[in-house]
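Chain letters run A, B, ... following the sequence lines, proteins first, then strands; residues in each count from 1. What you see below is based on every heavy atom in this structure, not just the backbone, and it leaves out hydrogens, waters and symmetry mates.
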2 protein chains.
Amino acid sequence: MEADKLLRKHNLRVTGFRKEVLALFNQRSAAVDSRTIEKHLQPADRVTVYRTLRTFEDSGIIHRIPDPTGAVKFALCNDGCNDLAHHHSHAHFHCNTCAMTICLDGHGQMPIDLPSGYTANDIQTIVCGVCAACNRAT
Amino acid sequence: MEADKLLRKHNLRVTGFRKEVLALFNQRSAAVDSRTIEKHLQPADRVTVYRTLRTFEDSGIIHRIPDPTGAVKFALCNDGCNDLAHHHSHAHFHCNTCAMTICLDGHGQMPIDLPSGYTANDIQTIVCGVCAACNRAT
DNA sequence: TTGTTAATGCAACAGTGTTGCATGTGTTTT
DNA sequence: AAAACACATGCAACACTGTTGCATTAACAA
Ligand SMILES: [Mn+2]
Ligand SMILES: [Mn+2]
Ligand SMILES: [Zn+2]
Ligand SMILES: [Zn+2]
């Protein structure tokens, strides 16, 4: 979606920086971390990057993807997410070689037995392995 | 397993600090983070805590459990893990209320379709919700 | 018991993310 | 179009997590 429309739809002010961040998300197929935004949108203040990411996440524009190394990345939400709730049921893939992370759309979750008294809100699955590019390079 | 035997089995020197860390893991059913070890085993040097955790992880004594908030916790490996490889196929539960994390043993993983050329080594599943204690407290 | 090797403690540092506050900009109202 | 308002940004300072180098101490083998 057009950056202007997307921001207005989520009741956010349309600023140059936010449009640039959205453009960066759109031109990348992989998930993006704050450092990448900071470097790519020079000169970008680290604080502004973090606040923008938090605003986008709180508004339902992007979702947070922690990878198994402890790093945190973000990707655009497909649709239907807003300030009230995110609803994703997709897994993520993390490449152990190049650290790239992508969303894996289109498959459900296996039911999981929980101990008595426990309730589940959300199930997050991270598949770790080697991506196509890194497999070819081997 | 006895701390001494466990350490020797993994070719690690038996030190007081390592035995105390293992005792802490044994007396807790939930996963443990570095901060907890540091506070509980006063006076414990932060660097020593991190190096001990890394050594234990590299040796196959504990495994790393990143939770969706970005925090990292650790839990004892059941068995069969060593310095060459960890083999776990269990999910983890993270309580959104009290931030407690536990291992969920005894169930497999659903097969996941990957894009062409991608290969998977490991699948990590994190179930987020509310634990029994927090549900009762509501 | 002696010597070798590894573990620990301390200091300093890097990276990530946060807060307070002043200033600038987008949006709405008049 | 101008003014007023609310919010976004930039800067400085800080907290937290984790790492590295180096000197000292402790484990263990000979
Ligand atoms: Mn995703
Ligand atoms: Mn586990
Ligand atoms: Zn890769
Ligand atoms: Zn809880």
**Q.** Residues forming a side-chain hydrogen bond (donor to acceptor under 3.5 Å, both in side chains) with B:Thr97, sequence neighbours excluded
**A.**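 side-chain hydrogen bond (donor to acceptor under 3.5 Å, both in side chains) list for B:Thr97, sorted by chain: empty.
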
Q: Tell me, please, which residues at least two apart from A:Ser34 pass side-chain hydrogen bond (donor to acceptor under 3.5 Å, both in side chains).
A: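 Applying side-chain hydrogen bond (donor to acceptor under 3.5 Å, both in side chains) to A:Ser34 gives A:Tyr50.
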
**Q.** Contacts of type side-chain contact (heavy atoms from CB on, under 4.5 Å), residue B:His86, not counting sequence neighbours
**A.**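 Here the qualifying residues are B:Glu57, B:His63, B:Cys77, B:Cys81, B:His88.
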
(Q) Please enumerate all residues that pass side-chain contact (heavy atoms from CB on, under 4.5 Å) together with B:Asn82, with sequence neighbours excluded. (A)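 Only B:Leu84 meet the side-chain contact (heavy atoms from CB on, under 4.5 Å) criterion with B:Asn82.
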
Please tabulate the protein-to-nucleotide N/O contacts below 3.5 Å involving nucleotides 28-30 of chain D, giving atom names and distances.
unit_1: D:dC28; atom_1: OP1; unit_2: B:Val14; atom_2: N; d: 2.8

Atom [atom1] of [X] and atom [atom2] of [N]: how far apart are they, to the nearest Å?
X       : N      : atom1 : atom2 : answer
A:Arg18 : D:dC7  : CZ    : C1'   : 8 Å
B:Ile37 : D:dT17 : CD1   : P     : 13 Å
B:Glu38 : D:dC16 : CD    : P     : 11 Å
A:Leu7  : D:dC7  : CG    : P     : 16 Å

Who pairs with [X] by ring-ring contact (aromatic ring centres under 6.0 Å, His included), at least two apart in sequence or on another chain?
X        : result
A:Phe56  : none
B:Phe74  : none
B:Tyr118 : A:Phe93

(Q) Need to verify one output field. Residue with the more 5' nearest nucleotide on DNA chain D, B:Ala71 or B:Gly16? (A)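 Nearest nucleotide further toward 5': that of B:Ala71.
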
Q) With side chains defined as the heavy atoms from C-beta onward, is the minimum distance between B:Ile126 and B:Gln124 less than 4.5 Å? A)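 Not in contact.
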
**Q.** Side chain proximity check, B:Thr125 to A:Ile123, heavy atoms < 4.5 angstrom
**A.**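 Answer yes - side chains close enough.
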
Q.
If the helix axis at each end comes from five base pairs, how far does the helix from C:dT1-D:dA30 to C:dT30-D:dA1 deviate from straight, to 10°?
A.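 Here the helix ends are tilted 30° relative to one another.
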
Q.
For a side chain to side chain contact (heavy atoms under 4.5 Å, CB included) check, start with the C-alpha distance between B:Asn96 and B:Cys134, then their side-chain angles and the critical distance, and finish with the verdict.
A. CA-CA 9 Å; B:Asn96 291 324; B:Cys134 289; over 6 Å; no

Q) Does anyone know the first and last nucleotide of DNA chain C in reach of chain B, 5' to 3', at under 4.0 angstrom to a heavy atom? A)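 On DNA chain C, the outermost contacted nucleotides are C:dT5 to C:dA11.
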
Q: Could you identify which residues of residues 44-69 of chain B place a heavy atom less than 4.0 Å from some atom of DNA chain C, listed by residue number, or say none?
A: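 Contacts with DNA chain C under 4.0 Å: B:Asp45, B:Val47, B:Thr48, B:Arg51, B:Thr52.
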
Q: Decide whether A:Leu24 and A:Leu53 are clustered together by the hydrophobic rule: side chain heavy atoms of Ile, Leu, Val, Met, Phe, Trp, Tyr closer than 4.5 Å, transitively.
A: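 In one cluster with A:Leu24: A:Leu53, yes.
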
Would you list the atom pairs, donor with acceptor, under 3.5 Å between side chains in residues 5-15 of chain A and any protein atom, with sequence neighbours excluded?
unit_1: A:His10; atom_1: ND1; unit_2: A:Ser59; atom_2: O; d: 2.9
unit_1: A:Thr15; atom_1: OG1; unit_2: A:Arg18; atom_2: N; d: 3.2

Q) Can you find a side-chain donor-acceptor pair between B:Asn135 and B:Thr138 that sits under 3.5 Å? A)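 No.
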
